[in-house]
Amino acid sequence: MLNQIKEHISEVEKFQANTAEAVEAFRIQYLGKKGVLNGLFSAFKDVPNDEKKEFGQTLNELKTKAQEKVEALKTALEEKEDQSGSGLDLTMSAEPMRMGSRHPLSIVKNEIVEIFARLGFTISEGPEIEDDWHNFSALNLPDEHPARDMQDTFFIQRDPDYLLRTHTSSVQVRFMEKNQAPIRTLSPGRVFRNEAISARAHCIFHQIEGLYVDENVSFADLKQTLLHFAQEFFGKETQIRLRPSYFPFTEPSAEVDISCNICKGKGCNICKYTGWVEILGCGMVDPNVLENCGIDAKKYTGFAFGMGVERITMLKYQIKDLRLFFENDVRFLDQFTSA
Ligand code: PHE
């Protein structure tokens, strides 16, 4: 019997296992209710008294060794699992991280701002909720002026009027009220008009308006500045043409077209086969506006222009539906990268 136990001891010492199941089977075989050890312990009572001591000691040795073996194998298996992370291969390269990208409107806005910054224009900003003076009256649009209808206004409150600004010309009024000439400022921002939402129009959109006031500023300066902008933004070969137009705050006023950057002037559906596409409105600041804002109109003249960022972005990237800018579909937004 003693020899049998010793054999068990050497078997326990030799035992190795790679799986949790094999360790558990081993534990049950030796330490389980009907296991080897319990069998031997129950045989203990039949052992002759003079052998009991040695038998007991050897049996206890077997029990300790079996318990230690189970613990050691379990620990080894757990360590192995930690390292491999239950199927996790630590040598594998990481999943690529998804990077965000700038919104196309921000990319284009930044590009436009940079072009004018090189000409010395700085940025000015103002509130989206405006009063009547800054959005209309100061800009030569007194009460009941029919041109107020050109801008379908969202009113927040009537009398006194508070409204969502319909253009960022309001920011330029605020700027002139606080600063004297010479002025070179650019006002990018969100504007609001009560228009039906379609592929070509939205009730929220973005504008960049520019204002230049100094002594002897002429229409030629305006034209040359806008030609420079068009060629920097759309490419050196771009041409511009000015068509007479009307804005209450500028006189004379013009609308500016660029030669179609898609068909290069040959005619396509973007330029409606005319070879030209409209990009902005502009003009010489009406002396009334300068005076309204505290600038001496006998000494100073100025030009102003305003463009829609959505429109310029659609032309640049040939986007056909303006609504895409506001839906924030990542599949659309992912396609644009800034330089
Ligand atoms: N404020 C005009 C608009 O929103 C654009 C403009 C700005 C026109 C400056 C002329 C001069 O339509």
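Whatever order the structure lists them in is the order used to number ligands and atoms, beginning at 1. What you are looking at is a predicted structure, and each value in this text was computed from that prediction instead of being measured.
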Knowing that exactly one of Q207, R193, R148 qualifies, which makes a side-chain contact (heavy atoms from CB on, under 4.5 Å) with T166?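 Answer to the side-chain contact (heavy atoms from CB on, under 4.5 Å) test with T166 among Q207, R193, R148: R193.
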Among I262, V277, T274, find the one that has a side-chain contact (heavy atoms from CB on, under 4.5 Å) with C268.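 When side-chain contact (heavy atoms from CB on, under 4.5 Å) is applied between C268 and each of I262, V277, T274, only I262 qualifies.
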Quick test of your reading of the model: are E130 and R174 salt-bridged, counting only N-O distances below 4.0 Å?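 So E130 pairs with R174 through a salt bridge.
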Can we say E68 and K65 salt-bridge, meaning some charged N sits less than 4.0 Å from an Asp/Glu carboxylate O?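 No, no charged N to carboxylate O under 4.0 Å.
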Return a table of N or O atom pairs, ligand 1 on one side and protein on the other, at distances under 3.5 Å, rounded to 0.1 Å.
residue, atom, partner, partner atom, Å
ligand 1, 1 (N), H167, ND1, 3.1
ligand 1, 1 (N), S169, OG, 3.1
ligand 1, 1 (N), E209, OE2, 2.8
ligand 1, 4 (O), R193, NH2, 2.9
ligand 1, 4 (O), Q207, NE2, 2.8

CH2 (W276) and CZ (R241) are apart, to the nearest 0.5 Å, by 6.0 Å
To check you understand the geometry: which heavy-atom pair defines the closest contact between N292 and N140, and what is its length?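 Nearest heavy atoms, N292 then N140: ND2-N, 4.3 Å.
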